[in-house]
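The next block holds one structure in the form of structure tokens; read it before the comments.
Numbered from 1 within each chain, the chains take letters A, B, ... in sequence-line order. Note that this is a predicted model, so its numbers are computed, not measured. Heavy atoms only: backbone and side chains are in, while hydrogens, waters and symmetry mates are out.
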Amino acid sequence: MLDISDFRDNANVIKADHDKRGLPHDNIDEVIRLDEEWRKAVYEQSLARKERNDTAKLISEAKKSGNNDEMQKLLSNVKSLGNKIDELDKFANELKESRDMIRMSIPNVLHDDVPVGDDDEGNTLHSEHGNKPSFSFEPRTHNDLLEMNNWADLPRAAKITGSRFYFLKGDLARLEMALQSYSVDFMTKKNFTLMHPPTMMNRKAYEGVTDLTDFETVMYGVEPDGYYMIATSEHPLTAMFMDEIIEPSLLPIKLVGVSPCFRREVGAHGQSDKGIWRVHQFTKIEQIIISLPEKSWEHHEDMLQNCIDLWNSLDIHYRVVNICTGDMGTVASKKYDLEAWLPGPNEFKEIVSCSNCTDYQANRLKMRYRTPEGNSTVHTLNSTAVATSRALVAIMEQNQLEDGRIKIPDVLQPYMNGQKILEAAPF
RNA sequence: GCGACAGUCGCAUAGCCUGGUAUUGCGCAGGAUUGCUAAUCCUGUGGGUUUCACCCGCGCGUGUUCAAAUCACGUCUGUCGCGCCA
């Protein structure tokens, strides 16, 4: 959510941003109009309250001095005031709620570097890394490799849960754990603190970190408790500082979260998503930074560099793209994706998302830090380090051997007791 | 799950019984003064608005009242005890 002062003082900035995104200005104008009406209503309400407070004081004095006539007169004068205040109160609250409902739907202001484009075709190439592997045979898709080696059981997962769930089996499940341990160690060495967050969140906290439409399309609801399964550890690890005033000496706060992630994937279909590429549950190691506003762009580049270092160490061929206006969500101001090359479908596909959300989440969550001039809003950043299911796909496809077995990346071998090749599971 | 107690400004506290608009300490920031590893004193330190002022704010919500941190009801969270449990 954008700060209300941005609408009062810098509406032209938001409007220019909407022009860049190809959005109309209606919502911005409506927020400004409702805000003006709200301020008027609040002023009137405070006048009425002042009248009541003043009279209450006089009543108190009259009572003390035993002036009963005066007291009765004042009481009859002030009787109706309560209703008036209630009405003004209700009116002002309605205006504020309408204002903020629309305000919440208005996306973050984009960084100047964000390219203009209608969809992912408009994303621009930032850099390319690693060497494209060449094969003396026709490389298989990860789905074929899973079947050949019995590394995943999707039919039985569908039987007990539903489609897009899976049992990971044997060496591939072990590689999944190795990936987690390796990437956690990697991030810990960069002074990120390891966090295991709650896997469910309540509605209030969740509204602070995500686009409201996500409640319909992304998160699973848990009834009757009214909780939501987390779609990423970004959400609990950012929202954990909700309503807090952070000592500036603690900033930047750098966290590496490990958690299962749950996504409904409403509207996602297609042959290209067979196997474990797009699933309802996966494990993700996530970078989080809570930062001073003036440092956040520097941290954004640092997080990207962490990803580059990490994925280079896994010896994966990938590229970095700068996400364009049409492919950007509501919350981020700028976003890089890492896309791994998959020899099976012969495409680059998303494995990492690295975002600076500036103060958009922090405004809603009231996450502030102390300054000599008063409290000011922090910036929040998040980036995938490794989403294990997609990392496994990239490793399987790029490291496949002719017989369908997989070479384990060198840096992961110590986490596999020195094993060099993934062997098939027995069933 | 049951019972008791608790929740007050960044932290810690007083106020609650007996309703009249939040006290004190610490921390932090600014200033003054004196300079012995620093001290002392003053000021400020939740949010909002039409900002020399006013309004709101005592976990959250509702009620009673001219008036609620204070009384009543509900709810959430925490602590302790009991029960259950990996």
Checklist entry - With rounding to whole Å, what would you report as the distance between B/C58 and B/G7 at their C1' atoms? => result 10 Å

Next on the checklist: I'd like to know whether A/Asn143 forms a side-chain hydrogen bond (donor to acceptor under 3.5 Å, both in side chains) with A/Thr141, so could you lay out the CA-CA distance, the side-chain angles of the two residues, the decisive distance to 0.1 Å, and finally the verdict.
Outcome noted: CA-CA 5 Å; A/Asn143 196 37; A/Thr141 66; 5.4 Å; no

Checklist entry - Taking the same atom, C1', in B/C76 and in B/C60, what whole-Å distance lies between them? => result 7 Å

Next on the checklist: Would you say that A/Thr210 contacts A/Met219 through its side chain, given a criterion of any heavy-atom pair below 4.5 Å between the two side chains?
Outcome noted: yes

Next on the checklist: Any heavy-atom pair between the side chains of A/Val320 and A/Cys354 that's under 4.5 Å?
Outcome noted: no

Next on the checklist: Does this structure show an ion pair linking A/Arg203 with A/Glu207, if we count only N-O contacts that are shorter than 4.0 Å?
Outcome noted: yes

Checklist outcome for this item: In short, side chain to side chain donor-acceptor pair (under 3.5 Å) pairs touching residues 153-162 of chain A with sequence neighbours left out are A/Asp153-A/Arg156

Next on the checklist: Over all strands shown, is A/Ile59 touching base, sugar-phosphate only, or nothing at heavy-atom distances under 4.0 angstrom?
Outcome noted: base

Next on the checklist: Would you measure the distance from the C1' atom in B/C85 across to the matching atom in B/C5 and give it in whole Å?
Outcome noted: 25 Å

Item to check | side-chain contact (heavy atoms from CB on, under 4.5 Å) partners of A/Asn375, counting only residues at least two apart | outcome: A/Ile245, A/Arg368, A/Arg370

Next on the checklist: For the C1' atoms, the ones on B/G46 and on B/G31, what distance do you get once it is rounded to whole angstrom?
Outcome noted: 24 Å

Checklist entry - Can a salt bridge be assigned to the pair A/Arg49 and A/Asp89 using a cut-off of 4.0 Å between side-chain N and carboxylate O? => result yes

Checklist entry - Say you pick atom P in B/A6 and the same atom in B/G57; how far apart are they, in whole Å? => result 23 Å

Item to check | 5' priority, RNA chain B, between A/Leu47 and A/Gly82 [closest heavy atom] | outcome: A/Leu47

Checklist entry - If you look at every strand shown and take non-hydrogen atoms under 4.0 Å, does A/Arg370 touch a base, only sugar-phosphate, or nothing? => result base

Next on the checklist: Counting runs of three or more consecutive pairs, Watson-Crick or G-U wobble, with each distance below 3.5 Å, where are the stems of RNA chain B?
Outcome noted: B:1-7 with B:76-82, B:10-12 with B:24-26, B:27-32 with B:40-45, B:46-49 with B:53-56, B:59-63 with B:71-75

Checklist entry - Say you pick atom C1' in B/A32 and the same atom in B/A39; how far apart are they, in whole Å? => result 14 Å

Checklist entry - Does A/Asp17 have any salt bridge (Lys or Arg N to Asp or Glu O under 4.0 Å) partners at least two apart in sequence or in another chain, and if so, which? => result A/Arg21

Item to check | Spacing of the P atoms in B/A68 and B/G61 (rounded, Å) | outcome: 14 Å

Item to check | Which residue lies more 5' along RNA chain B, comparing A/Trp38 with A/Gln45 via nearest heavy atoms | outcome: A/Trp38

Checklist entry - Quick one: how far along RNA chain B does chain A reach, first to last nucleotide 5' to 3', anything under 4.0 Å to a heavy atom? => result B/G10 to B/A67

Checklist entry - Using atom P of each nucleotide, how far apart are B/U70 and B/C17 to the nearest Å? => result 9 Å

With a cut-off of 3.5 Å and sequence neighbours excluded, list every side-chain donor-acceptor pair involving residues 417-427 of chain A.
residue: A/Gln419; atom: OE1; partner: A/Arg174; partner atom: NH1; Å: 2.7
residue: A/Gln419; atom: NE2; partner: A/Asp171; partner atom: OD2; Å: 2.7
residue: A/Gln419; atom: NE2; partner: A/Ile421; partner atom: O; Å: 2.9
residue: A/Glu423; atom: OE1; partner: A/Arg405; partner atom: NH1; Å: 3.4
residue: A/Glu423; atom: OE2; partner: A/Arg405; partner atom: NH1; Å: 3.0

